[in-house]
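Remarks on the structure that follows.
Order of listing sets the numbers, starting from 1, for every ligand and every atom in it.
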Amino acid sequence: MRERLTLFDTTLRDGAQTNGVDFTLADKLAIMRMLDELGIDYVEGGYPGANPTDTQLFGEPRALNATFTAFGMVRRPGRSTSNDPGLAALLESNARAICFVAKSWDYHVRVALETTLEENLASIRDSVTAAKAKGREVLLDCEHFFDGYKANPSYALDCAKAAYAAGARWVVLCDTNGGSLPNEVEAIVAEVVKHVPGDRVGIHAHNDTEQAVANSFAAVRAGARQIQGTLNGLGERCGNANLVSIIPTLKLKPEFAAKFEIGVSDEQLKHLAQVSHALDERLNRWPDRHAPYVGESAFATKAGIHASAILKDPATYEHVQPEAVGNQRRLLVSDQAGRSNVLAELDRIGLKVDKNDPRLTRLLDEVKEREAVGYAYEAADASFELLARRMLGTVPKFFDVSYFDVKVEQRSRNGHGHEMLTTAVVKVKIGNEMLINAAEGNGPVNALDVALRKDLGKYQDFIKGLNLIDYRVRILNSGTEAVTRVLIESEDETGEHWTTVGVSANIIDASFQALMDSIVYKLVKSGAPA
Ligand SMILES: [Zn+2]
């Protein structure tokens, strides 16, 4: 019997503290879906009441397999739980679990909270009790636990024990400054689990000595059974423990795999690299090519003796199989790995192709060529599917855009500044019918989109439920020329989401490609006739 370890993701809360990261509601919802599909146990969405995005996020229940968790502070000193607006916002939110944060370092209680040690314990007890009474599962983050323990072990323990005694499901030990070392974490957690059972103890490590992952494992060795972290190690300063490194280590290294099971299945693990890269795309960041397990270079070997040895027996040079995490072996002498990845993707879409089909080679070459100029198919599932379906000859010619024109004007307003006016005209040919649509928009891409979707003749009913929910632009420098990559995320009345991509030296052209793919994808998906 293996023990269950739970994984708690705080990308949307602690990860949102990263310099330069600012999640919109659409970002948060999309990342939540990714985490849920990956098999994470808890998804911490944010801090209801602290900002409009998080308040909106928690404004309605979210259908997740994972436990949707809200974060906030325990009641303020000197207040009752019924008279604390911050706590009230937490209790009213639609979260299934509440993760409270409380001080556990006596110095911080006196200096930062300006209250007594006893009042801080009372605030922990009261807040846990209040959330339990509201039917919520409760976690309590002991802030600065390790530094607190070093300064005053009995008080830090009192905080943990108070939360446990009041009924918290998890007491989470936080290395808030990120300065602890694995041997310290292991020794301190071993002491804590003498008072709070290990299957009620979690670890929340920051990465200030590049050891957040190691500290998480040290805590597990000492008995903790929940690991908190973020995708790609996002987080303020040097980041949080990186779940993208932790998950495959737990799944693939016998030391952990023999003892523990986690919510991520072998099948879900195969999507790990994709999840990691999709998050980077969303943040407009280059994926770290040297990232363990999922980086482009993680299984790359320069051609030569190594390459031929790897072809004979991959195990000679690889610590795990790249396919297990959705990555691939990269050798200059073989494209077999790329072929099996594409085959797996086609299988997922439901397109059956023989592995020796020459069209598969053409598709593979096309994907490689396009990715070389900037297309990102890992992030644009729908564009990949269309490309594959076109190569295999199963996308009807629905319509043609024979002409479009986008105009942006700046007009002065009689000395009162100026206004921008954007219009688009699109000519669409459907069979023998020619339709001309014109529209205004709040920008060139919007105007083009509105004009394109204004009247698609017999297809109009099929695209009625189509919504564009996100639009992301990135300037790529490939060679001497800068090109623009546009990713568009769409959804429809069935709740399905998909992403399409366009690449061009011209941002309007790139946007147009991504828009067209989204519409055509929707028509294919809806079974629209040719
Ligand atoms: Zn933190």
Task: Over-ring placement of Arg2 relative to Phe260, 6.0 Å and 45° cut-offs - done: no

Task: Phe68 six-ring face occupied by Arg96 cation (under 6.0 Å, within 45°) - done: no

Open item on the list: Under the criterion salt bridge (charged side-chain N to carboxylate O under 4.0 Å, His left out), I'd like the reasoning laid out for Glu261 against Lys251: C-alpha separation, chi angles, the key distance, then a yes or no.
Closed with: CA-CA 8 Å; Glu261 58 185 353; Lys251 293 280 295 175; over 6 Å; no

Open item on the list: Going by the rule side-chain contact (heavy atoms from CB on, under 4.5 Å), which residues pair with Ala218 if we only count those two or more places apart in sequence or in a different chain?
Closed with: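 In terms of side-chain contact (heavy atoms from CB on, under 4.5 Å), with neighbours along the sequence ignored, Ala218 is linked to Pro182, Val185, Glu186, Arg221.
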
Open item on the list: Apply ring-ring contact (aromatic ring centres under 6.0 Å, His included) to residues His144 and Tyr149 and explain how you reach the verdict.
Closed with: CA-CA 8 Å; His144 293 293; Tyr149 188 93; over 10 Å; no

Task: Heavy-atom side-chain proximity of Phe8 to Asp41 below 4.5 angstrom - done: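 They are not in contact (no side-chain heavy atoms under 4.5 Å apart), so the answer is no.
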
- [ ] Less than 2.8 Å from the Zn ion (ligand 1) is the window; count the protein N, O or S atoms in it.
- [x] 3

